[in-house]
Chemist: 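Quick one: the structure is below, and I'll ask about it shortly.
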Amino acid sequence: MNVFVTGGAGYIGSVCVEELLNAGHQVTVFDNLTEGHRSAVDGRARFVQGCLKDASQVNQALRESRAEAVMHFAANALVGESMTDPGKYFGNNVAAGLNLLNAAVATGVGKFVFSSTCATYGPPERVPMTEDLPQRPINPYGESKLMFEKMLQWYEQIHRLEFIAFRYFNAAGATETCGEHHRLETHLIPNVLKVALGQTTHCEIYGTDYPTPDGTCIRDYIHIVDLAQAHILGLAPGKRGFFNLGNGDGYSVRQVITTCEQVSGRRIPAVAKPRRPGDPPRLVAAAQKAVTELGWRPRFPKLEDIVATAWRWHQAHPQGYPD
């Protein structure tokens with residue numbers, strides 16, 4: 001299949017591009033490189049540098065690619081930043097995404113695969129979290145993703161644009177060639193591994209008094225390759241709707257730090273900080289729907305295996321991507 005991947009130079013997008021190519025698909029990557037890295041893009045893919053805010057540019061790139069499907073990863077995704085600059089999130093994640101939707105309809109794309117988030121749920125009513133939970137986001141980031149989900153439903157109803165949307169929990173890990181390198185790193189595992197690499201003196205734990213066994217937040221981690229494989233399965237005709245992607249197992253912040261110590265063989269000091277506003281004590285996915293309806297089978301369900309792949313990549317690329 002010919003697939004047009006927005007945000008294909010970013011962490012999740014670049015791994016999905018690599019996996020798509022390995023599976024025999026043709027790929028065009030469309031990215032403005034504000035968050036992604038040109039050197040993260042697999043050399044087998046066609047690369048177009050462009051911005052979704054330019055409707056004519058998006059339309060032209062999509063038409064020239066002759067895409068049969070779109071995978072949309074191009075979004076701003078910092079929860080804290082969305083609370084201080086909501087316009088950036090609604091402008092990029094909603095308005096610019098609308099340009100992509102219109103271009104997909106105009107060029108006859110048959111399938112739209114959307115990178116969504118568990119942030120659309122807000123604080124969950126129950127855990128593990130199923131897809132039928134109420135969606136009550138508590139920040140503009142989650143709200144912007146939920147708005148795009150609703151747009152997809154209308155575009156499917158009116159324009160017959162079949163879509164599938166994946167609500168991620170915590171993506172982590174790496175392949176041999178692609179790993180996690182954000183210009184502003186907010187994710188736990190890479191920040192903990194920076195200590196193991198000797199790049200910083202300690203990691204930080206935000207909140208140690210949560211109602212969890214060790215007092216720290218519990219999160220569900222999913223390997224980036226397992227995430228990519230779900231997207232490839234979602235390309236199949238007739239596969240549509242909303243799917244949670246996680247392993248169904250929760251690990252606390254302290255457990256993640258301990259696992260990173262065990263994998264790296266290095267001591268990782270941690271400093272306790274106050275809670276961050278809006279952090280729920282526990283977020284764990286119920287992903288049985290993806291298993292049942294898509295035939296999805298995670299290859300890396302254990303945290304130590306996820307961390308081990310990340311550690312190997314960071315050791316080989318201690319400064320991340322060269323650009």
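Everything numeric here is computed off the predicted structure, so don't read it as measured data.
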Chemist: Answer yes or no: is there a side-chain heavy-atom contact under 4.5 Å between Ile189 and Leu193?
Modeler: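 Touching, per the 4.5 Å side-chain cut-off.
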Chemist: In terms of relative ring orientation, are Tyr321 and His181 parallel, tilted or perpendicular, with 30° and 60° separating the classes?
Modeler: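 Aromatic pair Tyr321/His181 classed parallel.
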Chemist: Given side chains that start at C-beta, do those of Tyr206 and Val253 come closer than 4.5 Å, heavy atoms only?
Modeler: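 No - every pair of side-chain heavy atoms lies 4.5 Å or more apart.
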Chemist: Look up atom CD1 in Ile268 and atom OG1 in Thr200, then write down how far apart they are to the nearest 0.5 Å.
Modeler: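 Here the rounded value is 11.5 Å.
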Chemist: When you compare the side chain of Glu68 with that of Leu235, does any pair of heavy atoms fall below 4.5 Å?
Modeler: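 No, too far: nothing below the 4.5 Å cut-off.
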Chemist: Classify the angle between the aromatic ring planes of Tyr251 and Tyr221 as parallel (below 30°), tilted (30 to 60°) or perpendicular (above 60°).
Modeler: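 Aromatic pair Tyr251/Tyr221 classed tilted.
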Chemist: Which residues pass the ring-ring contact (aromatic ring centres under 6.0 Å, His included) test with Phe242, sequence neighbours left out?
Modeler: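 By the ring-ring contact (aromatic ring centres under 6.0 Å, His included) rule, Phe242 matches Phe163.
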Chemist: Within a strict 4.5 Å, meaning less than it, do heavy atoms of the Arg266 and Glu261 side chains meet?
Modeler: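 The answer is no; the side chains never approach within 4.5 Å.
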Chemist: Are Val58 and Phe90 grouped together when hydrophobic residues (ILVMFWY) are joined by side-chain heavy atoms under 4.5 angstrom apart?
Modeler: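 Hydrophobic grouping puts Val58 with Phe90.
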Chemist: Can you tell me how far apart CD (Glu19) and CD (Gln229) are? Round to the nearest 0.5 Å.
Modeler: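 Those atoms lie 5.0 Å apart.
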Chemist: What's the separation between atom SG in Cys217 and atom CG in Leu283, rounded to the nearest 0.5 Å?
Modeler: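 The distance works out to 8.0 Å.
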Chemist: Within a strict 4.5 Å, meaning less than it, do heavy atoms of the Val284 and Phe169 side chains meet?
Modeler: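 A side-chain contact under 4.5 Å is absent here.
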Chemist: When you group the ILVMFWY residues by side-chain heavy-atom contacts below 4.5 Å and let the links chain together, are Met147 and Ile138 in the same group?
Modeler: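 Different clusters: Ile138 never reaches Met147 through Ile, Leu, Val, Met, Phe, Trp or Tyr contacts under 4.5 Å.
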Chemist: Verify the neighbour count for atom CD of Glu143: are there more than 12 heavy atoms of other residues, nucleotides or ligands below 6.0 Å?
Modeler: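 Atom CD in Glu143 is crowded, with more than 12 foreign heavy atoms closer than 6.0 Å.
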Chemist: Gly142 and Pro137: which non-hydrogen atoms are nearest, and at how many Å?
Modeler: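 In terms of heavy atoms, the two residues are closest at C-CB, 3.6 Å.
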Chemist: Does any part of the side chain of Tyr141, heavy atoms only, come nearer than 4.5 Å to the side chain of Leu78, both counted from C-beta?
Modeler: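 Not in contact.
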Chemist: Could you check if a side-chain atom of Leu133 sits within less than 4.5 angstrom of a side-chain atom of Arg126, using non-hydrogen atoms only?
Modeler: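 The answer is yes, as the side chains (C-beta and beyond) meet within the 4.5 Å cut-off.
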Chemist: Relative to each other, are the rings of His159 and Tyr155 parallel, tilted or perpendicular (30° and 60° limits)?
Modeler: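 Tilted, since the angle between the ring planes falls between 30° and 60°.
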Chemist: Considering only heavy atoms from C-beta outward, does the side chain of Tyr168 approach that of Lys145 to under 4.5 Å?
Modeler: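 A side-chain contact is absent here, since even the closest heavy-atom pair is not under 4.5 Å.
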Chemist: Please say which of Gln135, Arg167, Glu131 ends up in a side-chain hydrogen bond (donor to acceptor under 3.5 Å, both in side chains) with Tyr121.
Modeler: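 Going through Gln135, Arg167, Glu131 one by one, the side-chain hydrogen bond (donor to acceptor under 3.5 Å, both in side chains) with Tyr121 is satisfied by Arg167 alone.
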